[in-house]
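Taking it in order: structure first as structure tokens, then the write-up.
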Number of protein chains: 2
Amino acid sequence: MKPIKISEAVVRRLPIYLRFLNELSLSNIQTVSSQDLGEKLDLNPAQIRKDLAYFGEFGRKGVGYNVDYLIEKIRQILKLDKTMNVVLVGTGNLGRALCNYSMYIKDNMKIVAVFDADPSKSGTLLNHLVVQPMQELADSVRQLDISVGIITVPASEAQKVADEFVAAGIRGILNFAPVVLKTSPGVRIHNADFTAELLSLAYYMDHHEALNEGDGER
Amino acid sequence: MKPIKISEAVVRRLPIYLRFLNELSLSNIQTVSSQDLGEKLDLNPAQIRKDLAYFGEFGRKGVGYNVDYLIEKIRQILKLDKTMNVVLVGTGNLGRALCNYSMYIKDNMKIVAVFDADPSKSGTLLNHLVVQPMQELADSVRQLDISVGIITVPASEAQKVADEFVAAGIRGILNFAPVVLKTSPGVRIHNADFTAELLSLAYYMDHHEALNEGDGER
DNA sequence: TAGATTGTTAATCGATTAACAATC
DNA sequence: TAGATTGTTAATCGATTAACAATC
């Protein structure tokens, strides 16, 4: 009935909308216009309306969007209305930091298993979870109905972990390792590569004002 | 002489090129073609050639690019040939994990000061650096010639920190807090927002295959 | 020379923005 | 009713890809 394919850029903005709407809801604000959203999120109001309209008619002309209703709808679209089980591999500093994050709960994303390639880490406790050895990955993924995997191992190990994820049946990967992963077409990879962000930030420091005269973008 | 403005998308890809070239260099590979790069990095070869050509003629027709020369050039473009001093605010799990990262050294990005809004954290040691109270921020930025700031505080505190960064003269911000920051036009903000990446990943899990038939993209 | 590969222009594709009728 | 704001179409803008002459 609606075979329109949604662009990646649109999907990427949905969590941004959701977060801000949650803030509004906490402040007991009941209605918001695309104008308001655009100002707060530095986006064009038309773009916001268009993004939302891909999924349905959520607003009321002359009025705006009901905050709580829109939250509910976006959560449905992103499938955050049911719990999504997540596995994390790599219990270094970053991996441990991510495990301790509590935000997942509200968004129904839950780290339910933790692995490390280093056998000496097996059995140690990390935020109520026992670190497991890699051999148990496939079993856990099946038994715990895990669909998403987070990679926080060194770059040199990341591809290997990705391969094991795919073999175990994982369909989505959030990759923190600074490397381009290769997987089969059905698997979705999102990169959370802050080192690249940091390096590209350097480009914009100081001396390039002369070149980028028409600056001020984000 | 070259008043062409470089698009954001181009700059974002430069660190990706650089990383892979570094790998090649370590393997003693001396020459690489845009074809090779494209295959390894999942990018169109024409795009890679065009990206590089914005900054100069780095390749040789019929031959390809000299790996070490290209590394040198990209490092110059990104200004990684001189040390860039970085400050980090927020010594929670994530902040501590970032401080312990060693990658910065190779890329000449160095965390030289660490702050926390919680006064009880002041004076504690974090990876050879003494955690400082926020009042000292502006002084440190000036004295240590810091141009980039990393924000790893909770979302509720992030805007305040960004304001203090701007007031202290910082020109680039890497923001890990899940919130859209507002600053003056001259300040560059890059978001390292893995929570958004994780939530948007959920969208692509399972039941949406039917809609996105033409899948397989990244 | 023949084969390979760049740098670059032109064509294509897709995403953003403007505009406005519909309507609350 | 008048004012506001959506949903959506059309216009614009920008980025990606294809194609190819130049040349190593």
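Lettering follows sequence order; numbering is per chain, from 1.
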Point to revise | Any side-chain donor near an acceptor of the partner, A:D51 and A:Q47, under 3.5 Å | key: no

Review point. For atom CD of A:Q30, is the number of surrounding heavy atoms from other residues, nucleotides or ligands below 6.0 Å larger than 12?
Key: no

Study note, to complete from the structure: d(A:L21 CG, A:L41 CG) to nearest 0.5 Å is 8.0 Å

Check your understanding: Is B:K182 atom NZ crowded by more than 12 heavy atoms from other residues, nucleotides or ligands, each under 6.0 Å away?
Key -> yes

Study note, to complete from the structure: The residue, B:V63 or A:V32, whose nearest nucleotide of DNA chain D is more 5′ is A:V32

Practice item. Heavy atoms of chain A, cut-off under 4.0 Å: which first and last nucleotide of DNA chain C, 5' to 3', fall inside that, if you could look? Key: C:dA15 to C:dC24

Exercise for review: Go ahead and name the base partner of C:dC20; Watson-Crick or wobble counts if both distances stay under 3.5 Å, otherwise write none.
Suggested key: D:dG7

Review point. Of B:N44 and A:A46, whose closest DNA chain D nucleotide lies nearer the 5' terminus?
Key: A:A46

Review point. Between the side chains of B:D145 and B:S147, does any donor sit under 3.5 Å from an acceptor?
Key: no

Practice item. Check every strand shown and say whether A:R60 touches a base, only sugar-phosphate, or nothing at a heavy-atom separation below 4.0 Å. Key: sugar-phosphate

Study note, to complete from the structure: The reported gap from CD1 in A:I151 to CG in A:L181 (rounded to nearest 0.5 angstrom) is 5.0 Å

Practice item. Find the partner of D:dA15: check Watson-Crick (N1-N3 plus N6-O4 or O6-N4) and G-U wobble (N1-O2, O6-N3) distances, both under 3.5 Å, and reply none if neither fits. Key: C:dT12

Practice item. Take A:G62 and B:G59, find for each the nucleotide of DNA chain C with the closest heavy atom, and name the residue whose nucleotide sits nearer the 5' end. Key: B:G59

Review point. If you look at every strand shown and take non-hydrogen atoms under 4.0 Å, does B:Q47 touch a base, only sugar-phosphate, or nothing?
Key: base

Check your understanding: Between A:L43 and B:G64, who's closer to the 5' end of DNA chain C by nearest nucleotide?
Key -> B:G64

